[in-house]
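Scroll down for the structure; my scribbles are underneath it.
Atoms within a ligand are numbered from 1 in the order they appear, just like the ligands themselves. Numbering starts at 1 and runs along the sequence shown.
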Amino acid sequence: MEDALSHPAPTVSEKAISATASIFGLAADDAKSLGSERDLAFLLLSDKQPVAVMKVSNAMQDVALLDLEAGAACHIAAVDSGLPVALPMKAPGSSNHLRYQYKSDSGELYWIRCYPVMPGAVRELEDGKLSDTLLRNWGSASARVGRALRSYGDPLAHTKVTPWDSQHALLMRPLLVHVTEERGMRALCAGILAYFEVQVKPRLPNLRHQVVHGDLNLGNVLVTDEDISGIIDFGDMSFTALAVDIASMLCAIGAAHVSEFVSAGGEGTVGGELMRMGRVLLDGYQSITPLEEKELAMLPDLWMVRTCIEIVCSAWRVGTGLETAERCGPEQPFFEAAMRTLHSLGPAKRCLGLLSAIDVAGDAAANGAPVSTTELAARREQCIGPASEPLSYGSEPLRVSHASGCWITDTSGRKFLDCYNNVPCVGHAHPRVAQAIARQAAKANVNMRYLHPLAITLAERIKETLPGELDTVFFCNSGSEANDLAWRMATSITGQRGALCTTHAYHGISEATIALSPETAAECGHLPAHVERWHPPDAYRGTGNDDISFKAAIERLAGKGLRPAMCILDGVMQSDGVLQLEPEYVQSIAKVCKESGALWCADEVQGGHGRVGSHLWSFQKFGIVPDFVTMGKPMGNGHPVACCVTSRAIAAKFVAKEGVWFSTFGGNPVSCAAAHAVLDVLQDESVLPRVERAGAALRTNVREALLKYDCVGEVRGRGLAIGIEIVTDSVTKAPDAKLCTAIKDGLKKRGVLVGTTGPHCNVIKVRPPLAFSEKEVPIFVDAIVGAVEEACSAPSARI
Ligand code: PMP
């Protein structure tokens with residue numbers, strides 16, 4: 001620790017100080033002490049008007065550290081000229097321009113530095129709470145100081161040790177003797193230091209370190225109304241974790257926020273306000289410098305530790321006569337109340353309080369402990385229940401903690417190979433997409449009535465990937481909306497009311513699209529009269545490889561006095577059992593569709609964005625040009641963004657007839673940033689060729705490995721849209737849904753996630769994020785062999 005910290009403050013009279021003004025080229029006739037800690041500060045006056053602030057350093061002050069401070073202030077001013085930082089004035093009468101050596105009557109040598117008077121005033125603890133605006137401004141000013149200091153690399157800062165820098169909290173141990181034993185204070189501080197040693201200190205090296213101010217407390221920040229008008233006193237700067245700097249601010253301002261409660265005798269009620277204050281302060285900070293997860297996670301602990309340091313240091317300085325109890329004493333109850341509150345919350349609740357639900361998985365119980373899976377599932381039932389599909393895996397749901405690439409980690413830390421989720425198209429939590437969303441969300445998010453380039457450039461990029469006729473993009477938020485719009489346009493333009501979809505299709509949740517979704521609607525007996533289904537070809541059973549079923553569906557419509565307005569097709573047939581369609585077949589029914597006057601909608605929600613590997617869009621494989629192409633799920637890698645693309649002729653006719661199209665969120669810059677990032681990654685990582693390779697390897701290896709099992713009927717699909725059909729036996733080829741579910745559950749047991757699909761629910765749906773590569777193939781193969789083996793040998797599975 002610096003010698004100056006344990007040496008008494010200088011003794012210089014006000015008269016003597018006013019006499020030194022001329023050294024800095026100033027005239028003063030008086031000086032008023034502003035008090036201080038290890039040094040002294042005076043307000044120089046001329047004719048009762050403030051002229052400058054003089055700082056008299058401690059006799060043991062290392063002069064190099066004074067220059068470090070001056071250097072930091074000048075550096076900040078050069079980097080961020082808008083920050084009101086107090087800069088030391090030149091001393092023309094001194095050999096060093098920024099300080100002057102003064103010899104006191106007692107013979108001690110002090111350095112005198114002179115600063116301009118800055119506008120505003122410091123807040124006193126008694127002033128109580130800071131307004132929210134001031135809190136945010138304080139937070140953002142602190143972040144700006146930190147940002148400017150990033151490039152301040154004086155090596156001296158690395159060796160400087162100040163007791164208030166939380167990384168050195170263990171320096172407090174020998175000072176604990178000065179802390180009162182009343183109210184269990186000494187033991188509490190000792191406990192916090194022990195917690196620091198085990199739980200906090202070892203994690204500190206993971207955090208961003210740099211030179212920081214370290215002490216933006218009430219006394220070092222001047223305030224005018226609700227703005228920061230002056231930043232002074234760089235005496236506590238050091239090289240430490242950025243989070244330590246923020247914790248020092250939380251500590252100082254937190255004490256002000258609890259003062260009201262403490263003064264009113266309501267200590268027990270301080271927790272809520274303390275945490276709210278912290279969150280608002282952090283909003284201000286993060287408006288300039290977003291914090292990393294690790295920093296956020298450690299902040300609550302560092303705040304508590306810093307408050308403990310404040311208490312121990314004050315006790316030490318008062319106890320050894322370095323400071324008076326009158327100066328330090330009054331604020332101690334506030335720091336004590338804040339520290340007790342932070343401590344009594346415990347680690348989980350401290351985090352929950354400061355960082356809000358989303359940062360700590362949002363599943364802590366009132367006492368901060370994690371909620372059990374059973375309880376969470378029961379609460380889901382209470383507040384969501386029938387408003388959502390039941391949980392996958394019934395009584396053993398997957399409770400997600402985090403995910404990356406094609407792996408999902410549950411809250412117990414177990415990793416699952418995700419072979420089910422197509423939404424995180426370029427991989428779970430892809431950093432490019434996550435950053436694109438976060439950056440744009442921090443910049444601006446507006447609707448499309450304002451001009452912003454992201455929707456326009458995205459539409460241009462999408463157009464480039466499609467046949468020339470498809471040149472107009474309608475942005476919306478979900479696959480359902482995209483299909484709903486296609487349907488609206490089709491009926492409006494053709495004047496026809498009939499619809500055509502496959503036997504077990506799924507195309508959305510709106511009234512119009514649920515009608516096109518027999519997977520759901522037919523099950524409930526609600527397939528409306530205007531929808532007719534056709535049976536797609538089933539190569540495994542050798543049925544339907546012609547246009548007969550399609551034509552029959554049109555005839556059935558005609559029998560009801562309807563003509564088809566639109567035919568909709570998911571190119572990878574996910575809901576129909578991942579059937580494999582051949583180009584000639586699709587071309588033949590597309591021709592019949594056209595002849596009937598209907599428009600063709602290629603629903604690329606499943607098959608698009610590279611799923612089939614050979615092409616970006618599944619319809620391209622069929623060699624047809626649809627009237628509508630709808631995109632959804634993978635488009636934003638999990639962020640809701642979708643679109644319906646059509647020709648200008650159709651779009652213009654529709655708008656002329658139906659009025660403007662406007663979707664509040666459709667085309668917003670954040671969603672478009674996500675969609676751009678997905679397209680970028682698809683290109684940069686050469687995703688499509690990888691999908692082809694991984695898909696082919698997966699099919700071949702699964703086929704070979706499962707050849708000997710009579711229940712495995714067919715392994716089919718394109719790219720990474722793969723179906724494994726499970727049957728009772730290879731002769732009757734009868735679907736075996738029960739066995740299929742047993743295999744799915746067996747895969748989960750072995751750490752692999754898949755789905756089941758098809759009209760008979762007997763097809764294992766393998767549809768991983770496109771981050772899936774050949775590396776994962778053997779993992780899948782091992783798991784499915786184990787699952788099939790187990791399911792086949794369990795008699796109950798095959799009733
Ligand atoms: N079309 C297809 C082919 C789909 O698979 C889905 C969703 N499963 C949709 C449309 C509807 O998309 P969303 O859930 O985004 O509304």
Side-chain angles (χ1 to χ4, degrees), residues 387-390 392 420-425 474-488 490 499-523 531 533 536 566-581 586 600-612 616-619 621-622 626 628-645 663 665-668 671 674-675 678 717-723 754-759 761 763 765-770:
S388 183
E389 273 200 330
S392 298
Y420 179 72
N421 290 289
N422 58 340
V423 175
C425 157
F474 290 79
F475 284 114
C476 51
N477 316 294
S478 67
S480 301
E481 274 185 87
N483 287 333
D484 194 283
L485 176 62
W487 172 250
R488 264 186 80 195
L500 294 162
C501 64
T502 51
T503 326
H504 203 60
Y506 181 83
H507 295 288
I509 52 168
S510 66
E511 191 174 353
T513 56
I514 198 75
L516 303 171
S517 303
E519 183 189 38
T520 307
E523 218 169 77
V531 180
R533 299 184 273 171
M566 187 172 93
C567 164
I568 185 163
L569 181 72
D570 159 16
V572 286
M573 307 291 285
Q574 283 294 313
S575 302
D576 284 281
V578 203
L579 296 172
Q580 209 167 304
L581 302 177
V586 180
W600 185 277
C601 177
D603 179 339
E604 293 291 336
V605 171
Q606 293 279 350
H609 282 90
R611 173 78 26 201
V612 294
L616 192 58
W617 312 113
S618 64
F619 78 82
K621 206 168 174 80
F622 306 135
F628 305 106
V629 175
T630 53
M631 304 171 192
K633 301 213 254 200
M635 187 169 170
N637 214 46
H639 186 87
V641 51
C643 70
C644 173
V645 190
S663 157
F665 296 133
N668 74 77
S671 302
V678 169
R718 300 212 193 269
L720 284 171
I722 294 171
V754 294
T756 56
T757 184
C761 236
V763 178
K765 178 160 70 171
V766 187
R767 189 190 54 179
L770 303 184

Next item on the list: With heavy atoms of Asn483 as the reference, note each atom of ligand 1 found under 4.0 Å away.
Entry: 1 (N), 10 (C)
Check: Taking C-beta and beyond as the side chain, do Arg611 and Arg767 meet within less than 4.5 Å on heavy atoms?
Finding: yes
Next item on the list: Of the side chain and backbone of Gln574, name the one, both, or neither that has a heavy atom under 4.0 Å from an atom of ligand 1.
Entry: neither
Notebook entry, point to check: Considering only heavy atoms, which of Gly508, Ser575, Ser480, Pro640 lies nearest to atom 14 (O) of ligand 1?
Noted result: Ser480
Check: Any idea which atoms of ligand 1 are less than 4.0 Å away from a heavy-atom of Ser478?
Finding: 15 (O), 16 (O)
Item checked: Residue of the set Asp603, Thr513, Asp570 for which side-chain hydrogen bond (donor to acceptor under 3.5 Å, both in side chains) holds with His507 -> Asp603
Notebook entry, point to check: Can you list the ligand 1 atoms lying under 4.0 Å from a non-hydrogen atom of Lys633?
Noted result: 7 (C), 8 (N)
Margin query: Any non-hydrogen side-chain atom of Gln574 less than 4.5 Å from a side-chain atom of Tyr506?
Written below: no
Checklist line | Contact atoms of ligand 1, heavy-atom distance to Asp603 under 4.0 Å | finding: 1 (N), 2 (C), 3 (C), 10 (C)
Check: Going by the order shown, which atoms of ligand 1 are within less than 4.0 Å of some heavy atom of Gln606?
Finding: 3 (C), 4 (C), 5 (O), 8 (N)
Note to self: Would you say that Met635 contacts Phe475 through its side chain, given a criterion of any heavy-atom pair below 4.5 Å between the two side chains?
What the structure shows: yes
Margin query: To check your reading of the model: name the closest protein heavy atom to atom 15 (O) of ligand 1, its residue, and the distance in Å.
Written below: Gly479 N, 2.9 Å
Item checked: Contact atoms of ligand 1, heavy-atom distance to Tyr506 under 4.0 Å -> 1 (N), 2 (C), 3 (C), 4 (C), 6 (C), 7 (C), 8 (N), 9 (C), 11 (C)
Next item on the list: Would you check whether Val605 has a nitrogen or oxygen atom less than 3.5 angstrom from a nitrogen or oxygen atom of ligand 1?
Entry: no
Margin query: Between Thr630 and Glu604, is there a side-chain donor-acceptor contact under 3.5 Å, judged purely by atom types and distance?
Written below: no
Notebook entry, point to check: Between Glu481 and ligand 1, does any nitrogen or oxygen pair lie at a separation below 3.5 Å?
Noted result: no
Checklist line | Atom of Ala642, atom of Gly632 and distance for their closest heavy-atom approach | finding: CB-CA, 3.9 Å
Next item on the list: Begin with the C-alpha distance, continue with both residues' side-chain angles, and end with the deciding distance and a verdict on side chain to side chain contact (heavy atoms under 4.5 Å, CB included) for Cys425 and Val678.
Entry: CA-CA 8 Å; Cys425 157; Val678 169; 4.3 Å; yes
Next item on the list: Check Ile509 against ligand 1 and report side chain, backbone, both or neither, counting heavy atoms closer than 4.0 Å.
Entry: neither
Item checked: All salt bridge (Lys or Arg N to Asp or Glu O under 4.0 Å) counterparts of Arg718, not counting sequence neighbours -> Glu582
